[in-house]
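Comments concern the structure below.
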2 protein chains.
Amino acid sequence: MPYDPSAFPPFAVTVDLVVLTVRRHALCALAVRRGEPPFQGCWALPGGFVRADEDLAQAAARELAEETGMRAHDPAVPVQDNGAHLEQLATYGDPKRDPRMRVVSVAHLALAPDLPAPRAGGDASNARWAPVEELLQQGGYGRDGEPVAPLAFDHAQILADGVERARSKIEYSSLATAFCPTEFTVGELRRVYEAVWGVALDPRNFHRKVTGTPGFLVPTGGTTTRQGGRPAQLFRAGGATLLNPPMLRPEV
Amino acid sequence: MPYDPSAFPPFAVTVDLVVLTVRRHALCALAVRRGEPPFQGCWALPGGFVRADEDLAQAAARELAEETGMRAHDPAVPVQDNGAHLEQLATYGDPKRDPRMRVVSVAHLALAPDLPAPRAGGDASNARWAPVEELLQQGGYGRDGEPVAPLAFDHAQILADGVERARSKIEYSSLATAFCPTEFTVGELRRVYEAVWGVALDPRNFHRKVTGTPGFLVPTGGTTTRQGGRPAQLFRAGGATLLNPPMLRPEV
DNA sequence: AGTGCTTATCGTCAGGCAGACGACTATGAT
DNA sequence: ATCATAGTCGTCTGCCTGACGATAAGCACT
């Protein structure tokens, strides 16, 4: 079939972001309130159109910066500064996913430490960190008894896929450190795993595992007592990317 | 920002396919010869435009059927018939990846048994199964001493990503059975792992591992001797999707 | 029929790792 | 001083894996 510009239909291409963080022992995602129809007033994932001269990763990094002020760092470089981890998640292109027109959305997954306060175009009331469990329970009732509106478009599916990706990826990679500040303790890292997986882990076995995996953690020499109790050693993320053998999510 | 149809640039959206199979102890991918510029005469991955009313998965399944005659089966259903496994791989959207226009390609990964003969629009000379190793060695020389032209566009990157996905996915899932016919022996399954990973595995430990994993293999009662040697039991793929604990790729 | 080759299948053994859990340490709060 | 809280180090046991010996059951020869 020869090249014919009229042979293909035009699409709009967007990037949507699943930005995850751990706050107060819960896995949370960034949600923004929609200001215009469709789904006006609903919560949605942050995102926007890909520009004409932009790569997909660039567009995702730009949106991340616009929504959170975070800078995404190069995926090839280990987590060191406060830049968030950013990776492509999956692409969603159901013909009816956007009632206005044919939109293909390339979803990206970002993992960030707890520090930044959300800001959507400077308006904090239109962006929030919400526990993913709360965002995903569609049509139910939240902790305050108020009915919970489901996320706009197919964003619940995208969020669920992103959460599942994060849950499985911290098993066999050192990505859990992306949820931590530059310096952190073994206990803080353990609480990240516990929040993401929603389980309790044995502190002693966890400590043995992570400190025994070469390249996972690098001691900085300092200690901290910000969690109370005995002072804990501080670590930075080491150069290792893949954990072998992996961390094992407890059964059942 | 209110909705404005002129606010986003139009894209063409395609699906490209990494179709993998195991032939003669080698991991092979389906390549088609391009009949028109750019990259006329070069080998490329099969693919095509997504139609206006089509989901991405539908488009990928349609292209797969057009190129190979295979039917993709529902990903939620375990591999049983001769339908190939099909899953989304990643999306490639560099502004310059296609010199003609802005094209975003949603790559899919298909795993198929060895049976089908390639056909590209009925013309067999324009499609072939090539060892991935041969397709990926850009600018080198093939086994016949002829110079090897690299794949068109960014298809070498897409193929490499697909191969890596397949290599890692057979570790922790039962997907290797997608490379096998409906009924197969433990030895045939082992040769799949050996071809995909490019390593030699101990037949005794492999046998113990796969037959000891609940739900991985279901004996059909029959035996075969098509590999020579002692007759081997025949199995079908069981219902298990995730292997726990996983198959381990040998180190080094 | 016997020999040799090939592949399949079962068994054994030692090392490593994970889960369960005891014990001790070092802080802050009362 | 005592307690509560976290962190860290050990021990033990069971499971899984890698290495590898041994046997089984076909086919192709002679």
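So that the names make sense, note that chain A is the first sequence line, chain B the second, and so on, each numbered from 1. Note that the coordinates shown come from a computational prediction; the quantities given were computed from them, not determined experimentally.
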**Message:** According to ring-ring contact (aromatic ring centres under 6.0 Å, His included), does anything in residues 204-225 of chain A pair up with another residue at least two apart or in another chain? List the pairs.
**Reply:** A/Tyr193-A/Phe206
**Sequence neighbours excluded, every pair satisfying ring-ring contact (aromatic ring centres under 6.0 Å, His included) that has a member inside residues 157-189 of chain A** = none
**Request:** Report the residues that fulfil salt bridge (charged side-chain N to carboxylate O under 4.0 Å, His left out) with A/Glu164, sequence neighbours left out, ordered by chain and then residue number.
**Result:** A/Arg249
**Message:** Are the side chains of A/Val186 and A/Thr211 in contact, using a 4.5 Å heavy-atom criterion?
**Reply:** yes
**Prompt:** Is the shortest heavy-atom distance from the side chain of A/Glu67 to the side chain of A/Val19 under 4.5 Å?
**Reply:** no
**Fill in**
Its contact letters, B for base, S for sugar-phosphate only and - for none at protein heavy atoms under 4.0 Å, make nucleotides 5-14 of chain C read -BBBBBBB--
**Prompt:** Got more than 12 heavy atoms from elsewhere within 6.0 Å of CD, B/Glu194?
**Reply:** yes
Let me know the distance between [atom1] of [X] and [atom2] of [N], rounded to the nearest Å.
{"X": "A/Arg249", "N": "C/dG19", "atom1": "CZ", "atom2": "C1'", "result": "18 Å"}
{"X": "B/Asn244", "N": "C/dA18", "atom1": "CG", "atom2": "P", "result": "13 Å"}
{"X": "B/Leu248", "N": "C/dC17", "atom1": "CG", "atom2": "P", "result": "12 Å"}

**Request:** Apply side chain to side chain contact (heavy atoms under 4.5 Å, CB included) to A/Asp202 and list each qualifying residue two or more places apart in sequence or on a separate chain.
**Result:** A/Arg204, A/Asn205
**Item:** Upstream residue (5' side of DNA chain C) when A/Thr225 and A/Asp202 are each assigned their closest nucleotide
**Value:** A/Asp202
**Asked** Going 5' to 3' along DNA chain D, which nucleotides are the first and last within contact of chain A (any atom under 4.0 Å from a heavy atom)?
**Response** D/dT5 to D/dT11
**Message:** Side chains of A/His155 and A/Gln157 only: does a donor on one sit below 3.5 Å from an acceptor on the other?
**Reply:** no
